Amino acid sequence: AQSVAQPEDQVNVAEGNPLTVKCTYSVSGNPYLFWYVQYPNRGLQFLLKYITGDNLVKGSYGFEAEFNKSQTSFHLKKPSALVSDSALYFCAVREKSSASKIIFGSGTRLSIRP
Amino acid sequence: EAQVTQNPRYLITVTGKKLTVTCSQNMNHEYMSWYRQDPGLGLRQIYYSMNVEVTDKGDVPEGYKASRKEKRNFPLILESPSPNQTSLYFCASSFRDRVDSPLHFGNGTRLTVT
């Protein structure tokens, strides 16, 4: 069965420091992987995705994510955090063989202190 | 502007009083889905639709109904709401045949059942 794990409920980082939000997944076939961000009182917004090819994908707002097939991970990263990056982040996986099934992780709250 | 519109944004009701949460998208998406968001549980899929007149249950369908009569609309019905359905609800849509396409989310409906 498909599953997505975000092992950290909260990540705290000082402004200007690099940040990492972790995600691991389990699927039976090749996955499509996504990161979404949720700001207060808003729906989720798409940040970036991995489909195939280069393991390092770049997305909106300076975020990037690294796909690691052997570790079944898709960690979200940013070289220099901004206070405005504070939000709730969700990792999601969609199997290529099942367009209907999209599984979300439990979410990680990112807090950037000035 | 491309968007997913949910109504209402906030709803307080009493146990057993039938209610409908509406969802409409203007992007000609075939795939639409309803999720509920609860702390620590991430997003869980309630119902999804691959196209008009094609609807199926997600992971947590008990107590909900959904039907797709038109491509742009996908309402969620709670026939007899109970307090355990108090949650934040999101509607989302995407292209069906492009499984790498990200979901577009509405801004959410916060439901309280007393």
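The structure presented is a predicted model; accordingly, all values stated were derived computationally and were not measured. We name chains A, B, ... by the order of the sequence lines, and we start the count at 1 in each one.
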Enquirer: Quick check: does any side chain N or O of B/Glu70 sit under 3.5 Å from a backbone N or O of B/Val52, one acting as donor and the other as acceptor?
Expert: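 Answer holds: no.
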Enquirer: Contact between B/Thr13 and B/Leu111 at the side-chain level, heavy atoms closer than 4.5 Å - yes or no?
Expert: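 They are in side-chain contact.
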Enquirer: Classify the angle between the aromatic ring planes of A/Tyr36 and A/Phe46 as parallel (below 30°), tilted (30 to 60°) or perpendicular (above 60°).
Expert: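 Geometry flag for A/Phe46 against A/Tyr36: perpendicular rings.
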Enquirer: So what's closer than 4.5 Å to chain A heavy atoms on B/Leu88: side chain, backbone, both or neither?
Expert: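 The side chain, not the backbone.
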Enquirer: What residues of residues 62-93 of chain A sit under 4.5 Å from chain B when you count only heavy atoms?
Expert: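 Listed by number: A/Leu88, A/Phe90.
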Enquirer: Is the closest side-chain heavy-atom distance between B/Met32 and B/Gln25 below 4.5 Å?
Expert: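 Yes, side chains in contact.
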Enquirer: Among residues 40-47 of chain B, which ones touch chain A with a heavy-atom distance under 4.5 Å?
Expert: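 B/Gly40, B/Leu41, B/Gly42, B/Leu43, B/Gln45, listed by number.
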Enquirer: Is it the backbone or the side chain of B/Gln6 that comes under 4.5 Å from a heavy atom of chain A, or both, or neither?
Expert: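 Neither part, no heavy atoms under 4.5 Å.
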Enquirer: If we define contacts as heavy-atom pairs under 4.5 Å, which of B/Asp100, B/Asp56, B/Val4 has the most with chain A?
Expert: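 Highest number of pairs under 4.5 Å: B/Asp100.
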Enquirer: Are B/Arg36 and B/Tyr64 close enough that a side-chain donor and a side-chain acceptor fall under 3.5 Å?
Expert: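 Judged by distance alone, the side chains do pair up.
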Enquirer: Just by distance, with hydrogens left out, do B/Asn28 and B/Lys71 show a side-chain donor and acceptor under 3.5 Å apart?
Expert: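 There is such a pair between these side chains.
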Enquirer: Side-chain polar contacts of residues 106-114 of chain A - donor-acceptor pairs under 3.5 angstrom, sequence neighbours left out - could you list them?
Expert:
{"from": "A/Thr108", "atom 1": "OG1", "to": "A/Gln6", "atom 2": "NE2", "distance (Å)": "3.1"}
{"from": "A/Thr108", "atom 1": "OG1", "to": "A/Glu8", "atom 2": "O", "distance (Å)": "2.7"}

Enquirer: Working to the nearest 0.5 angstrom, can you tell me the gap between B/Glu1 CD and B/Asn26 CG?
Expert: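 The CG atom of B/Asn26 is 8.0 Å from CD of B/Glu1, to the nearest 0.5 Å.
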Enquirer: Tell me, side chain or backbone of B/Tyr10 under 4.5 Å from chain A's heavy atoms, or both, or neither?
Expert: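 Just the side chain, heavy atoms under 4.5 Å.
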Enquirer: Sequence neighbours left out, cut at 3.5 Å: what donor-acceptor pairs do the side chains of residues 19-27 of chain A make with other protein atoms?
Expert:
none

Enquirer: For A/Gln45, which atoms come within 4.5 Å of any heavy atom of chain B: side chain, backbone, both, or neither?
Expert: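 Neither part.
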Enquirer: Between B/Pro81 and B/Leu19, what is the shortest heavy-atom contact and its length?
Expert: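 Reported closest heavy-atom pair: CG-CD2, 3.7 Å.
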Enquirer: Taking atom types as modelled and ignoring hydrogens, do the side chains of B/Thr22 and B/Asn7 form a donor-acceptor contact shorter than 3.5 angstrom?
Expert: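 No, B/Asn7 and B/Thr22 have no side-chain donor paired with an acceptor closer than 3.5 Å.
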Enquirer: Check whether A/Leu33 gets within reach of chain B through its side chain, its backbone, both or neither, counting any heavy atom under 4.5 Å.
Expert: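 Answer is neither: A/Leu33 stays 4.5 Å or more from chain B.
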Enquirer: Between CE of B/Met27 and OG of B/Ser94, what distance do you get to the nearest 0.5 Å?
Expert: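 It comes to 9.0 Å.
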Enquirer: Identify which part of B/Ser49 has an atom lying under 4.5 Å from any heavy atom of chain A, answering side chain, backbone, both or neither.
Expert: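 For B/Ser49, there is no contact with chain A at all, as no heavy atom is under 4.5 Å.
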Enquirer: Can you name the closest pair of heavy atoms from B/Thr55 and B/Ala66 and give their distance?
Expert: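 Looking at all heavy atoms of both residues, the closest pair is CG2-O, 3.5 Å.
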